[in-house]
Each structure stands twice: as C-alpha cells, then as structure tokens.
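Structure, as structure tokens:
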There are 2 protein chains.
Amino acid sequence: MKTPFRNLADSQQYHILTTAMAEFSEHGYKAASTNRIVGAAGISKGLLYYYFENKEALYLSTAEFAYDHFTTHLLGRFMTEAEGFIERLARLSRIKHVYFTQHPEIARFVTHMYYAEGLLEAYQSKMQKLREWSLRAMYDNVDMTLFRTDIDRETAMKMIGWTFEGYIKEMEQYFEKEGIDFDQVDTYFEQFGGYLDTMRKLYYKEAGQ
Amino acid sequence: MKTPFRNLADSQQYHILTTAMAEFSEHGYKAASTNRIVGAAGISKGLLYYYFENKEALYLSTAEFAYDHFTTHLLGRFMTEAEGFIERLARLSRIKHVYFTQHPEIARFVTHMYYAEGLLEAYQSKMQKLREWSLRAMYDNVDMTLFRTDIDRETAMKMIGWTFEGYIKEMEQYFEKEGIDFDQVDTYFEQFGGYLDTMRKLYYKEAGQ
DNA sequence: GTCCTATTGACCAGCATGGTCAATAACTTT
DNA sequence: AAAGTTATTGACCATGCTGGTCAATAGGAC
C-alpha cells in the first residue's frame with residue numbers, strides 16, 4: 001500500500017477495498033482479476049498500481065482492513081451476559097446478521113480468509129485468536145443448568161448449533177431467490193421466535209421442574 | 001460423443017468421464033481445462049478430440065452419464081418402507097454415503113449439476129424430476145404419528161434434517177482432516193446410533209404413551 | 001507559469017486456453 | 001507381407017486474459 005492510497009478519503013478506501021474483497025472472495029486469490037477489480041471499482045488500471053505495488057500487496061492490505069474492521073465492529077458487541085445456550089446463539093446470530101447485511105463484502109471475505117490457505121501465513125495467528133475468541137463468545141458464561149438432564153449436553157449443543165446453521169442457510173437462500181420484503185420483516189422475526197420456542201421445549205427442562 | 005468413444009471398454013469410458021467430472025465439479029464448465037483433463041486421464045489432447053467434438057459435447061456426455069448412473073444406482077435402492085422420519089433419513093443417509101464413497105466424482109458432479117445454471121437447460125426437466133423424486137423418497141410412507149404432539153411437525157422435520165446435514169458435514173470434515181480409521185468404524189456407527197437415540201428422545205412420543 | 005500529484009488507457013510479454021492436423025503406431029484384412 | 005483402417009500422439013496455432021508498465025495529461029497549489 002503506497003502513500004497516495006493512505007491519503008484517500010476513508011470512504012474511497014472502503015469502496016476500493018470492498019470491491020477487491022468481493023473479487024477475492026468469489027474467485028480466490030489466484031483467479032481474481034485486477035482488471036475486473038478496477039472495472040467494478042470505476043478506476044483505471046494505472047491508478048490501482050499507483051495505490052498498491054502489486055496484486056499481493058493489494059490482497060494483504062485488503063486482508064488487514066477486513067480483519068481490523070471485523071474485530072473492532074464485532075468484538076465490542078459480544079460481551080457475554082448470563083443466558084441459556086439457545087438465547088446465546090440467537091443473540092450471536094442477530095449480531096452476525098446485522099453485520100452481514102451492513103458489510104456483506106467484508107463478511108464474505110473474512111469467511112474466505114478463515115478457510116483459505118497459502119498467502120495467509122502472516123494471518124494464521126490472528127485467525128487462531130479469532131477462533132478462540134469465537135469459542136468464548138459461544139460458551140462463556142452460559143447457564144448450562146437449563147438443559148434437560150436426560151440427554152447429553154454436548155450432543156444437545158451440537159444439534160442446537162446445526163439448527164441455527166440450517167435455519168440461517170435456508171433464510172439466505174430464500175432471500176436470494178425472493179428478495180427481502182421489508183413489510184414482512186415482523187413475520188420473519190415471529191418465525192425465528194417460533195423456532196426458539198420449539199428448541200426450548202425440546203432441549204430445556206420443563207418450566208418449574 | 002463420436003463412435004470411437006462408444007466402442008471403448010466401459011471401464012475406460014468410466015475412467016475418462018469421471019476425470020472430466022472431477023475437473024468440471026471443481027472449476028465449473030468455463031474454467032475447467034481440457035488440458036488438465038487429458039493430463040489427469042492419461043490420454044493425449046488429440047485423443048480427447050477424437051472422442052468428443054468439443055468441450056461442450058464432452059460436458060453434455062458427462063452430464064448424461066452422471067445422471068443415468070446416479071438414477072439407476074440409487075432409485076432402485078430407495079423403495080420406501082414404513083418407518084419413522086428419523087429412521088427414514090438415517091436410511092437415506094447411509095445409502096447416499098455408500099454411493100458417495102464408491103463413486104465420489106459422479107456424486108460431486110451430480111450435486112454440481114443440481115445447482116449449476118446455463119449449459120444445462122436440456123437437463124432442467126430431468127433435475128426437476130430428480131427433485132420431486134427425492135421429496136418422495138423423504139416423505140412417502142413415513143409414519144408421522146410417532147412425533148410428539150406438542151411441537152409442530154414441519155418444524156420438527158426441518159430440525160431433524162438440519163441435524164443430519166450438520167452431522168454429515170462434521171463427519172466429512174473430520175475424515176478429510178484425520179483420514180478414515182477402519183478399526184474405528186464401529187465407533188462411528190455407535191456414535192451415529194447415539195445421535196439417532198437422542199433424536200428419538202427429543203422428537204418422538206415417549207414409549208408407551 | 002511552474003511544480004507536484006492524480007489519473008488515464010494503450011501497451012507489453014507471458015501464459016493458458018480450446019481446438020487442429022500431419023505423422024505414426026497398432027491392428028485387421030487381404 | 002502388403003495394404004488398409006483405426007487409434008494415438010504432441011507440436012502447433014490463434015485467441016484471450018493475465019499482472020504490470022509508462023508516457024501522456026489533467027488538476028490543483030503556489
């Protein structure tokens with residue numbers, strides 16, 4: 001990253017880096033095309049190489065920006081309150097969902113980084129930290145006594161996690177096909193609440209027991 | 001597909017087509033490389049174009065072979081017996097798993113076809129049939145009275161489906177990392193049975209009720 | 001006018017692509 | 001053994017895209 005890029009307005013930096021992220025997430029590092037990036041970003045080829053020394057430097061800047069943005073915007077909101085496992089996952093899902101809709105390119109790119117190999121050696125310790133921290137976000141300060149006692153806790157937690165994954169994936173597919181209807185947003189929340197109730201009925205002790 | 005290819009021994013046809021499938025599934029139609037295919041298949045470039053008129057014809061032959069193989073090898077085994085929903089999904093999972101380990105390239109390619117767009121217009125009606133048929137395989141002749149009555153059936157079935165998806169995905173990831181230990185295969189089955197028991201405890205009426 | 005920075009897009013060599021084709025190897029038939 | 005037919009090779013080609021360069025120029029500051 002060269003100084004001219006640093007002198008850019010934040011919004012323009014964000015614009016260029018997120019377009020690069022979209023390209024990198026979709027095609028991976030090698031197959032990503034700088035030509036497509038400049039086309040999508042609306043700048044000339046020359047200007048990109050006036051901002052960055054080469055493709056790799058662009059990727060690394062991109063990765064650093066994404067990592068920093070992700071951690072500063074999410075870590076803060078994840079302070080753990082005491083609550084049941086289902087409520088915890090519900091809260092995390094909502095927070096993630098907000099972030100994914102507000103910064104979709106960054107979110108997609110971070111998941112790409114999470115699984116990518118090769119160029120990222122410099123980031124693997126950071127990723128490791130992220131992994132550990134996301135574990136804490138899931139389990140720290142969770143009230144485990146809510147679970148019914150006749151089924152294994154580990155099993156229950158896995159199944160609950162898969163239920164959230166499945167539900168989120170289904171919603172994503174639905175929105176991708178049908179588009180989000182903002183008048184119906186209440187219905188979506190109701191439906192989500194219904195799933196939560198069902199899960200409580202399945203996995204928690206009966207009330208008052 | 002030209003006649004010389006038709007005159008080939010079945011095993012050689014299978015070999016070439018499955019190598020092509022691997023390439024197509026991994027990179028998609030456009031990014032797939034005929035050079036890599038001939039390299040992996042151990043034949044010369046010229047020979048490939050002696051067998052097929054061009055890349056598209058190769059893809060179409062590949063798709064047809066995969067579809068036929070998949071349907072003839074799976075549809076037969078899917079006759080529905082009366083059973084609970086959990087047992088049904090467990091049975092389907094086992095059948096699928098066997099097919100995926102015996103014909104991984106075909107299996108991967110069929111899922112690719114299932115989601116791919118563009119070149120497949122000719123196959124979309126076939127895919128539609130496959131979709132309908134897989135629905136029947138899931139729901140036909142299922143004993144719904146086993147479900148406990150205080151939770152919604154649709155919700156329960158979705159959650160059970162997600163549990164299977166999650167478990168299968170986790171197993172795949174585990175095997176990819178650690179490799180399959182054939183001495184431990186009993187443990188895997190035990191573990192799977194444990195999940196089934198838990199699910200029955202969660203979603204079915206208590207015995208004798 | 002004179003700097004200095006920002007910005008362009010034509011241009012380059014390199015590489016991989018899908019596809020061709022003359023040469024030849026390997027069988028069959030006579 | 002000769003002739004004919006089919007299988008098989010790999011060098012070769014035009015094309016298109018790649019990451020990256022650079023002379024030209026536009027814009028603003030002094």
Side-chain angles (χ1 to χ4, degrees), chain A residues 1-64 109 112 116 118-120, chain B residues 1-64 109 112 116 118-120:
Chain A
M1 188 198 303
K2 305 182 190 166
T3 39
F5 186 76
R6 283 203 192 81
N7 297 338
L8 246 47
D10 280 4
S11 65
Q12 181 66 355
Q13 289 192 20
Y14 180 93
H15 170 73
I16 291 173
L17 289 177
T18 48
T19 8
M21 284 179 210
E23 177 73 14
F24 283 129
S25 323
E26 190 174 344
H27 301 282
Y29 173 72
K30 206 176 174 186
S33 157
T34 53
N35 290 321
R36 275 193 301 256
I37 293 176
V38 297
I43 62 174
S44 69
K45 189 78 169 286
L47 195 51
L48 183 70
Y49 284 88
Y50 181 61
Y51 290 151
F52 301 92
E53 27 284 286
N54 53 35
K55 195 185 180 183
E56 186 177 339
L58 168 63
Y59 184 83
L60 291 178
S61 303
T62 283
E64 191 167 340
F109 187 74
H112 153 81
L119 206 55
L120 296 161
Chain B
M1 189 200 300
K2 305 183 189 165
T3 39
F5 186 75
R6 283 203 193 82
N7 297 339
L8 244 48
D10 281 5
S11 67
Q12 181 67 355
Q13 288 192 21
Y14 180 93
H15 173 224
I16 291 172
L17 289 176
T18 49
T19 16
M21 283 179 211
E23 177 73 15
F24 282 130
S25 323
E26 188 175 344
H27 301 282
Y29 174 72
K30 206 178 173 183
S33 157
T34 53
N35 290 320
R36 275 194 300 256
I37 293 175
V38 297
I43 62 174
S44 70
K45 189 78 168 285
L47 194 51
L48 182 70
Y49 283 88
Y50 182 60
Y51 289 151
F52 301 93
E53 27 283 289
N54 53 35
K55 194 185 181 183
E56 186 179 337
L58 169 63
Y59 183 83
L60 291 178
S61 303
T62 283
E64 191 167 338
F109 187 74
H112 153 81
L119 206 53
L120 296 161

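We name chains A, B, ... by the order of the sequence lines, and we start the count at 1 in each one.
In this structure, CD of A/Gln12 is placed 13 Å from P of C/dA6, rounded to the nearest angstrom. One interatomic measurement links the two molecules: CZ of B/Phe52 to C1' of D/dT8, which rounds to 15 Å at whole-angstrom precision. In this structure, A/Lys2 places its NZ atom 12 Å from P of C/dA6, rounding to the nearest Å. Taking atom CD1 of residue A/Ile16 and atom C1' of nucleotide C/dA6, one finds them 12 Å apart after rounding to whole Å. Straight-line distance from the CG atom of B/Leu48 to the P atom of C/dT17: 13 Å, rounded to whole Å. Regarding A/Phe5, its CZ atom lies at a distance of 17 Å from the C1' atom of C/dT5, rounded to whole Å. In this structure, B/Ile37 places its CD1 atom 12 Å from C1' of C/dT17, rounding to the nearest Å. Summarising the geometry, the separation between CG on A/Asn7 and C1' on C/dC4 is reported as 13 Å, rounded to the nearest angstrom.
To the nearest 0.5 Å, atoms CE (A/Met1) and OH (A/Tyr51) are separated by 12.5 Å. Atom OG1 in B/Thr34 sits 8.5 Å away from atom CG in B/Leu58 (nearest 0.5 Å).
Each side-chain hydrogen bond (donor to acceptor under 3.5 Å, both in side chains) pair with one or both residues in residues 3-26 of chain A, not counting sequence neighbours, appears once here: A/Tyr14-A/His103, A/Glu23-A/Arg36.
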Worksheet item: Could you run down nucleotides 18-23 of chain D 5' to 3' and tag each one B, S or - for protein heavy-atom contact under 4.0 Å?
Response: BBBBB-
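Applying the ring pair (Phe, Tyr, Trp, His ring centres under 6.0 Å) rule to B/Tyr49 yields no partners; only residues at least two apart in sequence or on another chain are considered.
Close to C/dT7, at under 4.0 Å from its OP1 or OP2, lies a side-chain N or O of A/Tyr51.
The side chain of A/Ser44 lies closest to C/dT8, out of D/dT8, C/dA6, C/dT8.
Ring geometry, B/Phe24 versus B/Phe109: the interplanar angle falls from 30° to 60°, so the pair is classed tilted.
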Practice prompt. Under the side-chain contact (heavy atoms from CB on, under 4.5 Å) rule, what do A/Met21 and A/Leu17 come out as? Steps first, then yes or no, please.
Written response: CA-CA 6 Å; A/Met21 284 179 210; A/Leu17 289 177; 4.2 Å; yes
